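Quantities reported herein were computed from a predicted structural model and do not represent experimental measurements. Labels below follow one simple rule: chain letters A, B, ... track the order of the sequence lines, proteins then strands, and each chain is numbered from 1.
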2 protein chains.
Amino acid sequence: MEIACFIEAADRHCQQQGVKLTALRRQVLELVLSYTGVVKAYQVLADLQKQRGIAAPPTVYRALDFLVAAGLLHKVDALNGYIVCHHVGCSHEGLILVCGDCGRVEELDATPVLDVLRQQAGSAGFAISQQNLMLTGRCEGCRV
Amino acid sequence: MEIACFIEAADRHCQQQGVKLTALRRQVLELVLSYTGVVKAYQVLADLQKQRGIAAPPTVYRALDFLVAAGLLHKVDALNGYIVCHHVGCSHEGLILVCGDCGRVEELDATPVLDVLRQQAGSAGFAISQQNLMLTGRCEGCRV
DNA sequence: TCTCAAATGTTACGGTATAACAAAGTTATT
DNA sequence: AATAACTTTGTTATACCGTAACATTTGAGA
Ligand SMILES: [Zn+2]
Ligand SMILES: [Zn+2]
Ligand SMILES: [Zn+2]
Ligand SMILES: [Zn+2]
């Protein structure tokens, strides 16, 4: 099972970082993993309520915030959603493509283009930090 | 006055595009221009209410949507806000730099790099839509 | 003037996110 | 073990962000 494998890696990753992947956080991570693409906080909340009987927004938002801070998830601002990071551990800068229609996600290597962007930002006085580029559009399947 | 100058340019720009910068839209644009950085819809709404006595959310959202579509504003998803585009006529895809410390915003032209990204995304089957690139970092003043 | 389409007004609602405080669990120290 | 300090989670309430749906007004063209 792929999810179990990811969870294990996430566990090691958190231990290395000195942060705790508690039962709740693990449960939320599993719920996000159970989707194929972008997931919204209130979807996770609904799932959590099915599994636990009760849960409130802060519970899921806190868990999601933790997982993002730990580098296990990325937030997709344009869609108010979250995706799993499939490059945990490798220090990467990804170009993350998100289909606004079906939520499908693809990750490419953004290193070359980020070099250019770093230089461009640098000449404007900005030192941009390590990060992913996130772009929304339409995947092959969703185009007519 | 700089605002008046911008409004004039915006007017010409809209005429060229065959769209109408109505009184309401102009008023909203002026309100956004009166701020120095990122502005939120409900801030504009509050200002509009001060000037008109009454206004509802759809009024301001419709105006903001129009101004974004016309290329006069950009939406900053990560901050649920809007900024003025200072590249009207040149390009409508911005590289928006946000200082994580002080909130300062700078906009560069993202057209060249987005051409590259479009091609890269295209070979992965994604057709990315018109949008801004947003990067966070530190501005000159906030670096030690 | 009349007609049609675009723009705006208005009401109501749904989706997103956090503040503030209480309770429970963890860890370290005595 | 008992205590204290800290982190995590629970709970309630509320604030913020954005849109659906329909009514009304406005303005350009027949
Ligand atoms: Zn990643
Ligand atoms: Zn798709
Ligand atoms: Zn711009
Ligand atoms: Zn700064």
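- Distance from the side chain of A:Pro58 is smallest to C:dT18 among C:dT18, D:dG10, C:dG9.
- Each of C:dT11, D:dT8, D:dG10 was ranked by its minimum atom distance to the side chain of B:Ala56; first place goes to C:dT11.
- Comparing B:Arg62 and A:Gly81 along DNA chain C, the residue whose closest nucleotide (by nearest heavy atom) sits nearer the 5' end is B:Arg62.
- Side chains of A:Glu107 and A:His86: no donor on one and acceptor on the other come within 3.5 Å.
- Per the geometry, CD belonging to B:Gln49 stands 17 Å off P belonging to C:dT8, to the nearest Å.
- Following rounding to the nearest Å, A:Asn80 (CG) and D:dT19 (C1') show an atom-to-atom distance of 13 Å.
- If you check D:dT8, C:dA7, C:dT18 against the side chain of A:Pro57, the one that comes closest is C:dT18.
- Rounded to whole angstrom, the span from the CG atom of B:Asp65 across to the P atom of C:dA6 amounts to 17 Å.
- Of the candidates C:dT18, D:dG10, D:dC17, the closest approach to any side-chain atom of B:Lys40 belongs to D:dC17.
- Judged by atom type and distance alone, A:Tyr42 reaches the base of C:dA17 through a side-chain donor-acceptor pair under 3.5 Å.
- The separation between B:Gln43 atom CD and D:dG18 atom C1' is 16 Å, rounded to whole Å.
- Closest to the side chain of B:Arg52, from the set C:dG9, C:dT18, D:dG10, is C:dG9.
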